[in-house]
Amino acid sequence: MTLAEQILSQMPDDVLGRLRGVDRLWQGLRETTPPIPKAIKESSNSLETLDWDVAICGGTLGILLGTALQQRGCNVILLERGTLRGRDQEWNISREELGVLLELELLSKEELERAIATEYNPARVTFHQGCEIWVNDVLNIGVDPVFLLETLKQKFLAAGGDLLEKTPFKSAIVYPDGVLISAGEQSFTTRLLVDGMGHFSPIAQQARKGEKPEGVCLVVGSCARGYEENETGDLIASFTPIQNQCQYFWEAFPARDGRTTYLFTYVDPHPDRVSLEFLMDEYLRLLPEYQNIARSRLDFQRFLFGFFPAYRKTPLRVPWDRVLPIGDSSGAQSPVSFGGFGSMVRHLKRLTLGIEEALQSDCLTKEALVLLQPYQPNISVSWLFQRTMSVPIDRAVSPNRINELMSGVFEVMDKLGDDVLKPFLQDVIQFPALSKTLPRVNPKLVLPFLPQIGVPMLADWLGHYLNLGLYSTLSSVGDRADKLGLHQYAQKLSPQKQYYYHRWLDAWKYGSGGDVE
């Protein structure tokens with residue numbers, strides 16, 4: 001019996017069975033081409049009536065957007081396949097990122113403080129036989145999802161929103177003037193369908209036509225009691241060389257009911273990649289060495305596991321009018337992050353104001369809505385970093401080469417200061433910081449990766465890097481738009497042209513990482 005079988009089989013709620021269920025999905029992604037759902041159809045007829053302005057499918061993170069839109073006067077219905085309730089494990093984020101919840105009046109200051117379950121400092125970045133760096137105020141806030149989602153749920157309902165729990169999305173028909181949605185045993189109509197159902201949304205799968213992700217982040221972990229008191233965390237840490245064609249990275253932070261630790265690694269969906277159950281076994285084997293504690297002293301509260309696919313062609317462009325993917329459904333998260341809550345919060349204001357303006361100006365065609373999930377060069381350039389943190393399945397490589405490169409890069413960024421280091425640790429790539437860092441990295445650390453990267457990908461990356469510089473320049477112009485008189489001129493445009501103008505400003509700002517100071 002493996003460690004994973006031995007320990008997880010003793011946990012309630014069939015944790016081992018659920019791990020194996022997720023593993024079957026991971027195995028299917030590696031070994032087969034998934035069937036293409038027929039979730040969306042189109043019709044040239046017209047709908048006689050429309051029940052809602054916006055229907056959001058997927059309530060766990062959709063409640064943030066739904067509440068913001070409902071409070072701004074949009075008529076919103078939210079569909080959730082289960083019960084809308086936050087999980088017990090905290091969501092980690094930086095405090096300044098939570099400011100948007102106050103700005104959009106989703107929470108009061110008192111409610112925001114109640115939503116913060118844990119706060120710690122400092123956090124560590126360290127690599128095997130390499131650097132050790134400490135930073136403050138980066139992803140050091142643990143938000144209580146149970147309190148946050150319940151608070152937003154009550155505000156959403158109080159503002160007049162409608163919530164259908166235990167109502168899974170089935171299908172939809174897109175008409176020229178609206179969308180007819182079938183969910184559970186009900187049907188209703190809406191002007192705009194927002195897909196917040198995540199990576200495995202049937203809408204996203206249909207739009208991708210069976211395309212496989214180029215990269216996957218595998219994650220396993222736990223929250224346990226029994227550790228010595230420790231008010232520090234790890235943002236990214238490694239203490240082993242490459243094993244099983246994987247570089248193991250670790251993350252740790254205090255939690256309200258113990259200490260949370262993760263093991264994660266970057267891979268491709270090759271059939272020979274390790275399973276999540278194998279990775280869980282590795283996690284349990286190495287955890288005592290990582291946290292310097294005997295496994296027998298730990299009282300495991302819960303286990304966490306999953307895999308996060310990433311696509312180079314992002315964000316997802318859906319071929320239908322009146323359908324907008326958000327969050328993980330859109331694929332618009334960094335390939336080196338887990339996506340989810342942090343990505344949703346970062347884009348919440350942009351999506352809220354953009355959807356509101358799209359409804360007001362009736363800019364609901366696929367060409368108009370694609371500007372709400374625009375190309376972002378700061379995400380596209382991070383694909384090169386994802387590739388350098390992964391190991392080809394069929395290639396022998398120096399056991400410590402990833403650690404050596406990561407250590408070299410982070411030592412450079414640390415010397416350049418927090419304005420370079422901190423945004424990178426929050427998965428925000430900015431042109432000035434990247435341009436300062438790259439020339440200072442020792443070429444001897446980079447050259448071994450060139451055969452793995454290849455000329456086509458390097459050329460593709462160079463294009464995104466140049467676009468990052470262009471977007472940085474355009475974002476600066478957008479920030480000075482008032483002084484240049486552009487906003488005054490834009491107010492004279494038609495509502496449709498104003499919508500396009502504002503979306504381009506957003507695209508430049510977020511695509512350059514300019515939304516993070």
Practice task
If the plane angle is over 60° it's perpendicular, under 30° parallel, otherwise tilted; pick one for F424 and F385.
Solution key: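 Perpendicular: the ring planes of F424 and F385 meet at over 60°.
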Exercise for the section: Name the orientation class of the two ring planes belonging to F253 and Y262 (parallel below 30°, tilted from 30 to 60°, perpendicular beyond 60°). Expected result: tilted
Practice task
Kindly indicate, with the supporting measurements, whether the criterion salt bridge (Lys or Arg N to Asp or Glu O under 4.0 Å) is fulfilled by D427 and R346.
Solution key: CA-CA 11 Å; D427 292 324; R346 182 186 169 197; over 6 Å; no
So that I can tick it off, tell me whether [Y] and [X] are bridged by a salt bridge, with the cut-off set at under 4.0 angstrom between side-chain N and carboxylate O.
X	Y	answer
D268	K212	no
R95	E119	yes
K155	E150	no
E357	R503	yes
R322	E42	no
R85	E80	no
K509	D515	no

Report yes or no: does [X] contribute a side-chain atom to a donor-acceptor pair with the main-chain N or O of [Y] at less than 3.5 Å?
X	Y	result
Q205	A39	no
S334	I379	no
S201	A204	yes
S329	G198	yes
Q452	R387	yes

Quick one: do the [X] and [Y] side chains pair a donor with an acceptor below 3.5 Å?
X	Y	answer
T365	D321	no
S512	Q430	no
H270	R273	no
H464	Y375	yes
Y465	S435	yes

Handout entry: L458 versus I453, closest heavy-atom pair with distance
Key =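 Nearest pair, atom of L458 first, then I453: N-CG2, 4.1 Å.
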Handout entry: Residue pair I236 / M406: nearest heavy atoms and the distance that separates them
Key =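 Nearest pair, atom of I236 first, then M406: CD1-CE, 4.1 Å.
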Residues 170-183, side-chain donor-acceptor partners within the protein, below 3.5 Å, at least two apart:
residue: K170; atom: NZ; partner: G184; partner atom: O; Å: 2.7
residue: D177; atom: OD1; partner: L47; partner atom: N; Å: 3.1
residue: D177; atom: OD2; partner: L47; partner atom: N; Å: 3.2

Within this structure, what is the [atom1]-[atom2] distance for the pair [X] and [Y], rounded to the nearest 0.5 Å?
X	Y	atom1	atom2	answer
S382	I429	OG	CD1	6.0 Å
E411	L416	CD	CG	12.0 Å
I203	L316	CD1	CG	10.5 Å
L148	L107	CG	CG	6.0 Å
L192	D53	CG	CG	9.0 Å

Practice task
I would like to know whether E214 and R312 meet salt bridge (Lys or Arg N to Asp or Glu O under 4.0 Å); could you show each step before the answer?
Solution key: CA-CA 7 Å; E214 286 85 356; R312 287 181 63 185; 5.6 Å; no
Handout entry: Those residues that, when tested against D162, pass side-chain contact (heavy atoms from CB on, under 4.5 Å) (two or more places apart)
Key = W52, I77
